[in-house]
Amino acid sequence: MKILKKDAVRVARDLIGWQFLVRENDGQLTGGIITETEAYKSTDAASHTYKGKTARNSVMFGPAGKIYVYFTYGKHWCVNIVTGKEDDGQAVLIRSIQATHNLELMRQRRKNKSDTELTNGPAKVCQAMAITGADYGQIIGNGRFFLLPSKKTNKLTIKATTRIGITRDTHRMWRFILQNR
DNA sequence: ATGGGGATCGTCT
DNA sequence: GACGATCCCCATC
């Protein structure tokens with residue numbers, strides 16, 4: 001997918017408003033509209049690729065369009081979309097979506113949390129969409145994962161802020177949030 | 001509505 | 001052996 005081959009910071013902004021979906025075993029689609037993202041690059045001390053290639057982060061070194069999933073805090077999975085050129089070591093973290101497909105299944109997986117708490121965090125998105133380490137390296141578009149362009153004809157209002165939950169390179173304005181949601 | 005602290009384990013030092 | 005690209009619970013306002 002062409003949009004994903006650009007710089008992660010650009011892609012993180014561009015993906016706001018796109019639909020992020022998975023196909024369930026029964027063929028149904030689950031997911032929603034991307035409302036919050038963050039960019040991570042190898043030149044960035046907050047990135048998993050900052051210290052070079054390892055077994056865990058290898059998929060981040062390309063090609064673009066693959067899924068990078070990681071396990072964190074002993075409990076949670078988080079999902080990224082690999083971006084950039086071959087060997088760049090960059091990706092966009094999906095931090096939040098606005099649920100549009102298969103709400104009932106997502107509520108069930110999220111233990112019937114309120115709708116505002118359904119998919120408003122990176123690990124919550126993975127819980128609701130049942131994304132785990134089994135999805136590591138999946139290619140978007142011809143398997144379980146799908147990205148569909150924004151249907152909005154009017155321009156979206158997108159706010160840039162510093163990233164969440166990191167301790168290094170905290171000043172970078174690489175978090176993008178859809179306004180008026 | 002907001003904030004502090006505990007849980008928990010794979011990955012890297 | 002330490003530390004997270006986090007979530008949840010509970011206390012307080």
Side-chain angles (χ1 to χ4, degrees), chain A residues 4 7-16 18 20 22 30-32 34-62 64-84 88-99 105-138 140 145 147 158-181:
Chain A
L4 302 178
D7 183 90
V9 180
R10 165 80 183 275
V11 179
R13 197 189 300 106
D14 288 351
L15 281 179
I16 298 292
W18 283 52
F20 182 58
V22 291
T30 303
I34 298 172
T35 55
E36 186 178 329
T37 60
E38 279 176 3
Y40 288 90
K41 307 208 288 181
S42 58
T43 50
D44 153 31
S47 172
H48 292 162
T49 53
Y50 185 60
K51 292 175 180 172
K53 202 175 202 172
T54 67
R56 177 210 205 188
N57 67 23
S58 63
V59 77
M60 277 184 74
F61 288 86
K66 288 189 175 185
I67 292 291
Y68 169 51
V69 187
Y70 67 91
F71 186 69
T72 193
Y73 291 100
K75 288 185 177 180
H76 307 293
W77 294 100
C78 296
V79 62
N80 295 248
I81 292 166
V82 177
T83 66
D88 274 349
Q90 55 174 239
V92 171
L93 172 68
I94 305 300
R95 283 197 61 84
S96 181
I97 65 172
Q98 182 185 89
L105 183 58
M106 289 197 280
R107 288 190 186 112
Q108 196 177 311
R109 286 170 174 163
R110 289 282 298 133
K111 292 168 65 177
N112 295 313
K113 289 275 177 351
S114 71
D115 281 5
T116 55
E117 295 275 315
L118 194 62
T119 51
N120 66 336
K124 297 179 188 180
V125 170
C126 285
Q127 245 182 67
M129 296 175 70
I131 298 168
T132 69
D135 296 308
Y136 186 94
Q138 283 286 305
I140 295 167
F145 290 86
L147 268 179
I158 298 167
K159 183 180 173 185
T161 75
T162 53
R163 295 170 294 176
I164 295 294
I166 56 171
T167 56
R168 292 164 295 177
D169 280 23
T170 55
H171 63 286
R172 300 183 193 281
M173 305 282 279
W174 287 359
R175 178 188 183 211
F176 299 93
I177 309 166
L178 177 61
Q179 301 296 281
N180 319 319
R181 33 174 159 152

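All chains are named by letter (A, B, ...) in the order of the sequence lines, taking the proteins before the strands, and each is independently numbered beginning at 1.
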How many Å lie between [atom1] on [X] and [atom2] on [N], as a whole number?
X	N	atom1	atom2	answer
A:Arg168	C:dA2	CZ	C1'	13 Å
A:Arg56	B:dC9	CZ	P	16 Å
A:His171	C:dA5	NE2	P	16 Å
A:Gln127	C:dT6	CD	C1'	10 Å
A:Tyr70	B:dG10	OH	C1'	13 Å
A:Lys111	C:dC7	NZ	C1'	11 Å
A:Lys124	C:dC7	NZ	P	6 Å
A:Tyr40	C:dG4	OH	C1'	11 Å

Ignoring the backbone of [X], work out which of [options] is nearest its side chain.
X	options	answer
A:Lys51	C:dT6, B:dT13, C:dA5	B:dT13
A:Thr167	C:dG4, B:dC9, C:dT6	C:dG4
A:Asn80	C:dC7, C:dC8, C:dA5	C:dA5

For [X], report the nucleic acid contact type (base, sugar-phosphate, nothing); a contact means any heavy atom under 4.0 Å.
X	answer
A:Arg163	nothing
A:Ile166	sugar-phosphate
A:Ala123	sugar-phosphate
A:Arg110	sugar-phosphate

Taking the side chain as C-beta and beyond, is there a heavy-atom pair between [X] and [Y] under 4.5 Å?
X	Y	result
A:Met60	A:Asn80	no
A:Ile67	A:Val79	yes
A:Gln90	A:Asp7	yes

Between the side chains of A:Arg163 and A:Asp169, is the shortest nitrogen-to-carboxylate-oxygen separation below 4.0 Å, so that they form an ion pair?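 Here A:Asp169 does not pair with A:Arg163 in a salt bridge, since their nearest N and O are not under 4.0 Å apart.
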Counting only Watson-Crick pairs (N1-N3 plus N6-O4 or O6-N4) and G-U wobbles (N1-O2, O6-N3), all under 3.5 Å, who is the partner of B:dT8?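 B:dT8 is paired with nothing.
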Using a cut-off of strictly less than 4.0 Å, decide whether A:His76 has a side-chain nitrogen or oxygen near OP1 or OP2 of C:dC7.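 It does not, given that no N or O in the side chain of A:His76 lies less than 4.0 Å from OP1 or OP2 of C:dC7.
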With a 4.0 Å limit, can you tell me whether A:Thr54 has a side-chain N or O closer than that to the phosphate oxygens OP1/OP2 of B:dC12? yes
Decide whether A:Thr170 and A:Thr162 meet the rule of one side-chain donor and one side-chain acceptor closer than 3.5 Å.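 No, no side-chain donor-acceptor pair sits under 3.5 Å.
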